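What follows is a short report on a single structure.
Quick note: numbers below take in every heavy atom, side chains included, and nothing from hydrogens, waters or symmetry partners. Atoms within each ligand, like the ligands themselves, are counted from 1 in listed order. Note that the coordinates shown come from a computational prediction; the quantities given were computed from them, not determined experimentally. Just so you know, residue 1 is the first one in the sequence shown, and it goes up from there.
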Amino acid sequence: MKTERLVVKIGSSLLTRKDGTLDITQMSAFVDQIAELHREGVEVILVSSGAVAAGKTELKNRPKLDTVSARQLYSAVGQAKLINRYYDLFHQHGILCGQVLTTKEDFATRRHYLNQQNCIRTMLDNSVLPIVNENDTTSVNELMFTDNDELSGLVAAMMNCKRLIILSNIDGIYNGNPKNSDARVIREIDVRKDNIEDFIQTSKSETGRGGMQTKYNMARKVAEEGIEVIIANGRKTNILPDILNDKQELVYTRFIPSKEDLSSVKKWIAHSDGFSKGKVVVNAGAKEALTGNRAVSLLPVGIIAVEGRFEVDDIISIVDEDGSMIGIGRTTYNSDEVNEVIGKNNKRPIVHYDYLYIEQ
Ligand code: GLU
């Protein structure tokens, strides 16, 4: 087994029974597998859902609540229950685990991002296994992760992991409706070549927030950043050690990581499109330069318009004249300053190459 750092994401549907209660047998099986990896020297970061589902069944006389309050109440109770279970189960293997609760906003500013990265790194350096979940008690609707698949991609990128394993209740991405007997799991996806958009099923699991569409979107992006993504069935016995031991006959979907391993700053930028404060529109020449093979920065001379109000160091989107997204980056000018230098030569870059991410 290769020693490496990886993220394992386990969805709510794998951690709960039909009646919604936490499936301790299943949790215990996952912990046994992760403990085996841990003993072999693999650094595992666990992203675990299940808080909302676990809390819901604890509250016997469920009050009538709006969706936000319900999620807050259930996750407050459920997360405590979930982490306690994990703590005890890992403890039986002599492994110490710790809880990291996060929100989308913690990924928005570089300072919070680095702080969070430092926390998880310190845990790993001290052999404490991080268990990450969204802080559903404080996150508000418009600033929530789409689901824990998105969160696991962000964590894998932030922690420079080589691999992200998403455990679901399905064998992988199928080339048709998984209910049809002739549908097969697509074993390997090269995001630069293969377009499998039409195969993605839009149905969602009943317990979790995510579905195959968000898994696919996230997996594409993460693989483009040089991280291998695997979508596999968590109900298969011993799935995690089998994946790490490259067991041949095992069926799952693997996204081939692109050769290019992005710098950690670029990985952060790549996932920041949701935090964009404004937009700059670039001309055809600038578009060609930015999307070409050379490492170029975004210069004022290529800009034709500015939209929105932003400050220095904010994340901004870069679009072409038709409004199509080209990339995102961290700006070194505020929006007023950009307005003053539009189209001008010999000015410093608006977004330096090191802080620029161009969409594929
Ligand atoms: N954070 C949610 C929970 O723990 C899960 C979100 C998701 O389903 O992806 O319940």
Side-chain angles (χ1 to χ4, degrees), residues 7-24 26-27 30-31 45-59 62 65-87 89 97-107 116 120 130-157 164-170 200-219 221-222 229 231-235 271 274:
V7 169
V8 173
K9 184 257 170 180
I10 308 181
S12 303
S13 62
L14 289 174
L15 296 170
T16 44
R17 294 199 186 89
K18 280 207 176 66
D19 64 1
T21 54
L22 266 188
D23 189 339
I24 310 301
Q26 191 63 53
M27 273 182 90
F30 287 130
V31 169
I45 301 164
L46 175 60
V47 174
S48 177
S49 307
V52 174
K56 197 168 174 181
T57 45
E58 279 306 287
L59 286 144
R62 235 172 283 152
L65 294 171
D66 61 89
T67 31
V68 174
S69 311
R71 186 167 47 81
Q72 290 177 321
L73 178 65
Y74 300 158
S75 64
V77 176
Q79 181 64 28
K81 184 163 181 194
L82 189 72
I83 204 72
N84 265 312
R85 286 289 184 195
Y86 275 126
Y87 193 90
L89 290 167
C97 67
Q99 165 178 270
V100 180
L101 292 180
T102 182
T103 62
K104 199 160 184 174
E105 278 170 310
D106 292 318
F107 286 85
Q116 206 167 219
I120 298 182
I131 304 182
V132 186
N133 195 4
E134 178 166 14
N135 190 353
D136 294 291
T137 58
T138 59
S139 52
V140 280
N141 271 352
E142 53 294 357
L143 275 172
M144 261 159 63
F145 299 107
T146 318
D147 50 38
N148 272 4
D149 297 322
E150 184 188 14
L151 171 61
S152 64
L154 284 163
V155 174
L164 162 63
I165 304 178
I166 297 193
L167 295 182
S168 174
N169 52 7
I170 184 161
I200 306 295
Q201 305 293 313
T202 45
S203 59
K204 289 186 175 188
S205 91
E206 277 157 31
T207 27
R209 285 212 297 270
M212 207 36 99
Q213 186 69 54
T214 51
K215 281 188 184 46
Y216 176 64
N217 294 345
M218 181 279 299
K221 193 163 199 165
V222 174
V229 184
I231 300 179
N233 195 336
R235 298 224 178 266
H271 287 278

Practice item. Flag the pair D23 / L15 as yes when at least one side-chain heavy-atom distance between them is below 4.5 Å, and no otherwise. Key: no
Check your understanding: Can you tell which of V155, V132, L46 makes a side-chain contact (heavy atoms from CB on, under 4.5 Å) with V7?
Key -> V155
Review point. Any side-chain heavy atom of M27 sitting closer than 4.5 Å to one from Y86?
Key: yes
Check your understanding: Judged by non-hydrogen atoms, does S75 sit under 4.0 Å from ligand 1?
Key -> no
Review point. Given that the side chain starts at C-beta and the backbone is N, CA, C, O, which of these parts of N133 lies under 4.0 Å from ligand 1, counting heavy atoms, or is it both or neither?
Key: side chain
Check your understanding: So do the side chains of L164 and M218 get within less than 4.5 Å of each other, counting heavy atoms only?
Key -> yes
Exercise for review: With atom 3 (C) of ligand 1 as the reference point, say which of A54, S152, A51 has the nearest heavy atom.
Suggested key: A51
Review point. Should we count CZ of R235 as having more than 12 external heavy atoms under 6.0 Å?
Key: yes
Exercise for review: Under 4.0 Å from a heavy atom of D147: give me the atoms of ligand 1 that qualify, with their elements.
Suggested key: 9 (O)
Check your understanding: Considering only heavy atoms from C-beta outward, does the side chain of I120 approach that of I45 to under 4.5 Å?
Key -> yes
Practice item. Flag N148 as yes when one of its N or O atoms lies below 3.5 Å from any N or O atom of ligand 1, and as no otherwise. Key: yes
Review point. Quick one: does D149 get an N or O within less than 3.5 Å of an N or O on ligand 1?
Key: no
Review point. Backbone, side chain, both or neither: what part of D136 comes under 4.0 angstrom of ligand 1, heavy atoms only?
Key: side chain
Review point. Could an N or O of ligand 1 be found under 3.5 Å from any N or O of A53, whether backbone or side chain?
Key: no
